[in-house]
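Proteins come first, then strands; the chains are lettered A, B, ... in the order of their sequence lines, and each starts at number 1.
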Amino acid sequence: MININILKPTSSNFQTYLYIGSALIFIGIFDVFLRSFFNINYLTFLPGSLNFLFPLIIGLVGLQMIRLEYSGNRIVDKINQNINNNTFNAGLTLIIIFLTLLVIPPALDWMILEATISGDTKEACVATEGACWTYIKVWFRRFMYGMYPNDFHWRINTAFIVLIAFAFVGYFMRGKLKNYITFYYAILYPIIAFIIINFLISGGSFGLEWVETNAWGGLSLTFIVSFFGLIFCFPLGMILALGRRSELPIIKYISIGYIEFWRGVPLITVLFMSSVMFPMFLPSDAFVDKLIRVIAAIILFEAAYVAEVIRGGLQALPRGQYDAAKSLGMGYWKMQIFVILPQALKLVIPGIANTFLALVKDTPLIFVVGLSEVVGMLQMAKTNPKWLGYAMEGYIFASILFWAICYAMSKYSQYLELKYKTER
Amino acid sequence: MSESIIQMKEVNKWFGDFQVLKDINLEVKEKQKIVVCGPSGSGKSTLIRCINRLEEHQKGQIIVDGNELSEKTKDIEKIRAEVGMVFQQFNLFPHLSILDNCTLAPIWVKKTPKKKAEEFAMKQLEQVQIADQAAKFPGQLSGGQQQRAALARALCMEPKIMLFDEPTSALDPEMIKEVLDAMVNLAKAGMTMIVVTHEMGFAKEVADEVVFMDEGMIVERAKTNDFFANPKNERTKLFLSQIL
């Protein structure tokens, strides 16, 4: 039997063990580093599997040698408590470090070091093995604006800038105006947004050429669909949540039926039906734009999810809150608006954020009805004969875009949570 | 003497198969202070919750300030606005400051201008001696302070009748007194009060009459002195011997 105790440090000889152990760990990591970054393997004299496992073995021995409770060294104690408390965890730690080292160089190579962004044609990318960001550069306007005519892109930009400006109006509402802030955001702002988008992006009046919604696309379409989806599905969901808890049987069962129906069908079929089947039920002279139909479908669909999230918050409130509000003479709506909903909505901010993020990430599905937002444009660009073979770059680009949008939303929801935290 | 402000005639109530109130007859005159006591589960809380229709009775008649309470009552909110209530669990609105708790209903139910409502609320908060806490949120106050704030909130609606549902049962012993003091002051000011409580000291000090309930029935009703000096019913005697 091998006496493994020789690897166990004691407090008297810990200094020596610490030096030797650290050195061994360093050698292990350095070995992987050399193999990965410079493709050097100085251990070729060792037989195959031993060569391969050498860094792991030597690292484990090193970690074993520095494992001592209360060594007196703060950093070593931290390491021992968290990632080196037994051999299994020490092994996992090493493997994770090694994998990271092995993955970084090729990723770095592909994405930055050997990537190309120069030129305007595919030829610029032929010479290299790295990513072809030229592809993204050339198609950038398409990814942002879809098939919208190039000369009119300023209209989309202006519309969004104006919309953002209107979104900040609430910050400047003071005094008496402050009472109308909810009214402004819940009712006035969506109307303003619709008018701006209708006149500026859609056009057709004030000397602006009309651009049909089929040509809209790219990231701007993602924003438009998400924006209207978010602002309308929230109030609708709120009403449904209240409806489901109503004491009036008709309202209650209509709400339950609605929620269970929309939660039970896949979004993709809803979108398809909104575009293909819905017009069949309309009188032949009636016309509702495809984009509006699609947005309406998304709103109806997501409202069911929002409703259930809000209902969760309503149920979390103790009955005493209802009793207190009633005993003060408040009717149903006053009680809901001033006492119940403010508390319930505060509770469900994380859940609502969840649903909203899902909504934004569901928007690519509108490709089934022929609308191409950013991922849809990607599909189109990917199959363009001149630019075959750059799907990877496109998907990474789209991932980064969506991640940035969703991360911003997530951060904003965390900010709201903190802002409305009053108790405790 | 004015006529009864609350009249309950043959009131019966069931929770499912379980009868919680049996043939309750109770009349309360203006400015009268009534203490309702009895073992737990005897229906005391349900009784006073019926008076502002937080619970619905199924049989009998309840008339509050000339309005009969029934399913047909249209303006139940109006009646509730005249009947203040203080709960065992305070039930302050945790998302609003103490002052906003007090002004919410006056502003939105009684349509009092904001400034006036705030002035009146501050006066009520001073009465219960927590004016300095007005800007804080309920979660930052002690239990006794919260209950006094709840009392002030109810008083801000200028109710004709005040109902108390075991107002001190959820409090630490050292906080009970501050709440009872506030209630005694209110009683001295001439409020009509119905108080469900186990605080017999409070009953002796302010109550005109004491009602003893057991198993959903009013077992005994007597002037306060008589009630404590010579209770007539056996169950009342037993209850008093246990609680005093």
Requested in this report: With a 4.5 angstrom heavy-atom cut-off, could you sort out which part of B/V109 is near chain A: side chain, backbone, both or neither?
Outcome: both
Query raised in the report: Just checking, is any N or O donor in the side chain of B/N185 or B/Q127 under 3.5 Å from an acceptor N or O on the other one?
Result: no
Query - Options B/L163, B/I79, B/L104, B/N52, ranked by heavy-atom pairs under 4.5 Å with chain A, top entry - result: B/L104
**Report entry** Under 4.5 Å from a heavy atom of chain B, the part of A/K326 involved
**Finding:** both
Query raised in the report: For B/I76, is it the side chain, the backbone, both or neither that has a heavy atom under 4.5 Å from a heavy atom of chain A?
Result: neither
Query - Side-chain H-bond candidate by donor/acceptor type, B/S45 with B/D165, under 3.5 Å - result: yes
Requested in this report: Decide if atom CD of A/E247 counts as having more than 12 heavy atoms of other residues, nucleotides or ligands within a radius under 6.0 Å.
Outcome: no
Query raised in the report: So is B/R153 actually on top of B/F93's ring, under 6.0 Å and inside 45° of the axis?
Result: yes
